[in-house]
Structure formats: structure tokens, C-alpha cells
Amino acid sequence: QVQLVESGGGLVQPGGSLRLSCAASGSIFSINVIRWYRQAPGKEREFVAAISWSGGTTMYADSVKGRFTISRDNAKNTVYLQMNSLKPEDTAVYYCNARLNFAAHDYWGPGTQVTVSS
């Protein structure tokens with residue numbers, strides 16, 4: 001009973017920055033953690049970052065640590081992914097994922113395309 005919508009994707013040059021947003025609606029009170037995943041063409045889905053909804057504890061994949069920052073604004077029911085020093089290897093569709101406290105499965109947004117190219 002949670003809906004997720006990503007936004008903020010686009011085309012950026014190597015070394016540039018982009019901020020993605022994940023807007024959540026529905027049973028917000030049941031959210032345990034929100035995670036960002038990405039999937040490049042021909043590749044498997046890859047974990048990027050996570051943040052706990054109530055406490056704000058964060059976790060990052062080694063490939064993005066020091067470059068990406070995940071944050072949340074509970075009043076706006078929104079999670080952000082600030083991406084700096086972008087590399088061509090960051091090119092992918094970025095998905096927002098929500099894990100609820102008592103749900104049988106996770107919820108996913110439709111994704112937003114990020115392309116890093118000269």
C-alpha cells in the first residue's frame with residue numbers, strides 16, 4: 001500500500017551532479033527503509049544506498065561511497081539521492097524501493113533514467 005515515484009533523472013557530463021527524488025504516498029507510517037537501486041543495460045540490478053525512515057541511518061554501496069548522499073524529508077514523504085562526481089559507469093535506470101514493516105513484498109517505483117556522457 002505504498003506508491004513510489006522517482007524524478008530528477010537526465011543527461012549529465014562526467015564530473016557533474018544530479019539530485020534524484022523519491023516521493024512516497026500511501027501507508028507512509030509502515031515504511032521501515034527506503035533504498036535506491038540501479039540497473040544498467042545488460043546488467044543485474046545493483047544496490048546503491050539506503051536510509052531508515054524513522055532514524056535516518058544510511059548505508060552505501062562501495063562504488064558510490066563518498067560521491068552519493070542519501071537523505072530524507074519525512075514532512076514531504078520524500079527521499080533524495082544527491083549524486084556528485086558522476087562517472088559514465090553511473091549510467092542506469094535508478095529505482096526507489098520501500099520495505100514496509102509487515103508487508104509480504106517490497107514496493108518499487110517505475111524508475112528514472114540517468115545518463116552520464118560527454
Side-chain angles (χ1 to χ4, degrees):
Q1 296 183 12
V2 168
Q3 294 79 45
L4 305 170
V5 180
E6 305 93 338
S7 62
L11 175 64
V12 64
Q13 293 187 349
S17 298
L18 212 57
R19 189 180 78 160
L20 305 183
S21 298
C22 173
S25 61
S27 301
I28 307 301
F29 56 88
S30 296
I31 294 177
N32 183 283
V33 61
I34 289 185
R35 298 175 285 191
W36 286 97
Y37 287 84
R38 65 187 183 187
Q39 188 166 24
K43 303 267 187 175
E44 189 141 344
R45 183 185 62 185
E46 176 189 21
F47 169 78
V48 176
I51 186 167
S52 63
W53 188 249
S54 60
T57 302
T58 59
M59 179 179 293
Y60 299 92
D62 289 340
S63 59
V64 306
K65 199 171 297 181
R67 299 188 299 120
F68 291 11
T69 302
I70 188 170
S71 62
R72 79 198 196 285
D73 187 337
N74 296 65
K76 296 181 178 180
N77 297 331
T78 301
V79 169
Y80 305 96
L81 185 67
Q82 178 66 46
M83 306 185 296
N84 299 326
S85 302
L86 283 163
K87 306 174 181 179
E89 307 90 83
D90 296 318
T91 296
V93 176
Y94 283 71
Y95 297 94
C96 186
N97 164 280
R99 184 197 301 165
L100 274 59
N101 289 320
F102 304 104
H105 60 85
D106 289 357
Y107 294 84
W108 296 86
T112 185
Q113 176 70 49
V114 172
T115 302
V116 185
S117 177
S118 300

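Because the structure is a prediction, the values reported are computed rather than measured.
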Taking salt bridge (Lys or Arg N to Asp or Glu O under 4.0 Å) as the test, write out the residues that go with [X], two or more places apart.
| X | result |
| --- | --- |
| Asp62 | Lys65 |
| Arg67 | Asp90 |
| Arg99 | none |

Please round to the nearest 0.5 Å and tell me the distance separating atom [atom1] of [X] and atom [atom2] of [Y].
| X | Y | atom1 | atom2 | value |
| --- | --- | --- | --- | --- |
| Leu18 | Leu11 | CG | CG | 9.5 Å |
| Asn32 | Phe102 | CG | CZ | 9.5 Å |
| Phe29 | Leu100 | CZ | CG | 8.5 Å |
| Ser30 | Tyr107 | OG | OH | 9.0 Å |

Is there any side-chain hydrogen bond (donor to acceptor under 3.5 Å, both in side chains) pair reaching into residues 15-26, and which pairs are they, with sequence neighbours excluded?
-> Gln3-Ser25, Ser17-Asn84
If we only count heavy atoms from C-beta on, is the Leu86 to Phe68 side-chain gap below 4.5 Å?
-> yes
Close side-chain approach of Cys96 and Trp108, heavy atoms under 4.5 Å = no
Out of curiosity, does [Y] fall in the hydrophobic cluster containing [X] (side-chain heavy atoms, cut-off under 4.5 Å, transitive links)?
| X | Y | answer |
| --- | --- | --- |
| Tyr37 | Val64 | no |
| Val12 | Val48 | yes |
| Met59 | Tyr95 | yes |

Verify, without hydrogens or angle tests, whether [X] (side chain) and [Y] (backbone) share a donor-acceptor contact under 3.5 angstrom.
| X | Y | answer |
| --- | --- | --- |
| Tyr60 | Gly66 | no |
| Thr57 | Ser52 | no |
| Thr58 | Ile51 | no |
| Glu46 | Arg38 | no |
| Asn74 | Ser54 | no |

What pairs meet the disulfide (SG to SG under 2.5 Å) rule with one or both residues in residues 28-61, with sequence neighbours excluded?
-> none
Where do [X] and [Y] come nearest, in terms of heavy atoms and distance?
| X | Y | result |
| --- | --- | --- |
| Cys22 | Leu4 | SG-CD2, 4.0 Å |
| Leu81 | Trp36 | CB-NE1, 3.6 Å |
| Val2 | Ala98 | CG1-CB, 4.4 Å |
| Gln39 | Lys43 | NE2-O, 3.1 Å |
| Ile70 | Ile34 | CD1-O, 4.1 Å |
| Phe47 | Ala61 | O-CB, 3.4 Å |

Looking only at side chains, do Thr112 and Glu6 share a donor and an acceptor under 3.5 Å apart?
-> no
Scan residues 105-118 for pairs that pass salt bridge (charged side-chain N to carboxylate O under 4.0 Å, His left out), counting only residues two or more places apart or in two chains.
-> Arg35-Asp106
